[in-house]
*Asks:* 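Take a look at this one; I'll ask things after.
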Amino acid sequence: MAVRRLRSSTVVLGGMGVLAAMITSCGSEPDKRCVDPVSRDRLPSYECKGGGKGSYYYGGSSRNGKAEGGSFDKSAVDRGGFGCSGTGGG
């Protein structure tokens with residue numbers, strides 16, 4: 001009998017984790033990194049502020065100091081997830 005209670009509480013807790021992930025993923029901003037717009041080399045964040053030579057690159061990943069798989073257009077990056085329409089604001 002105690003085994004059944006443990007299983008049912010595990011299912012409830014697991015479901016709560018999935019719900020929390022859904023809520024946080026729908027409203028969050030895409031990852032952004034400061035990069036050189038030509039070479040896509042990573043730059044310090046201050047290079048993307050106040051007329052620096054960098055631009056923000058959204059989504060994707062960074063390998064060997066270069067950004068890839070994302071976009072300079074924030075709206076082009078899909079933040080979807082469970083239950084997200086992908087058309088949310090941001």
Side-chain angles (χ1 to χ4, degrees):
M1 186 86 149
V3 174
R4 284 190 175 170
R5 286 185 187 162
L6 179 62
R7 286 183 183 166
S8 64
S9 63
T10 302
V11 170
V12 170
L13 291 175
M16 295 292 276
V18 170
L19 179 61
M22 287 172 31
I23 291 170
T24 58
S25 68
C26 289
S28 62
E29 293 286 315
D31 293 338
K32 70 179 179 181
R33 54 192 53 85
C34 186
V35 301
D36 181 289
V38 177
S39 67
R40 293 192 181 168
D41 290 331
R42 292 217 42 187
L43 298 172
S45 60
Y46 65 81
E47 290 287 358
C48 285
K49 298 175 184 172
K53 67 177 183 175
S55 295
Y56 282 117
Y57 190 79
Y58 299 94
S61 62
S62 181
R63 287 194 184 161
N64 300 322
K66 289 193 179 278
E68 59 183 28
S71 174
F72 288 104
D73 180 7
K74 183 178 179 180
S75 64
V77 179
D78 181 21
R79 281 298 293 171
F82 297 111
C84 298
S85 65
T87 60

*Asks:* Please answer: with hydrophobic residues joined when any side-chain heavy atoms are less than 4.5 Å apart, are Tyr56 and Leu43 in the same cluster?
*Replies:* no
*Asks:* On a heavy-atom basis, which atom in Cys34 and which in Ser45 lie closest, and how many Å separate them?
*Replies:* CB-CA, 4.0 Å
*Asks:* Please give me the minimum heavy-atom distance between Val35 and Ala67, naming the atom from each residue.
*Replies:* CG1-CB, 3.7 Å
*Asks:* Say you draw a straight line from CZ of Arg33 to OG of Ser61; how long is it, rounded to the nearest 0.5 Å?
*Replies:* 6.5 Å
*Asks:* To check you understand the geometry: which heavy-atom pair defines the closest contact between Phe72 and Arg40, and what is its length?
*Replies:* CE1-NE, 4.0 Å
*Asks:* Any side-chain to backbone donor/acceptor pair from Arg42 onto Asp36? Under 3.5 Å, distance only.
*Replies:* no
*Asks:* Would the number of heavy atoms belonging to other residues, nucleotides or ligands and lying under 6.0 Å from NZ of Lys66 be above 12?
*Replies:* yes
*Asks:* Taking all non-hydrogen atoms of both residues into account, name the closest pair between Ala76 and Ser71 and its distance.
*Replies:* CB-OG, 3.8 Å
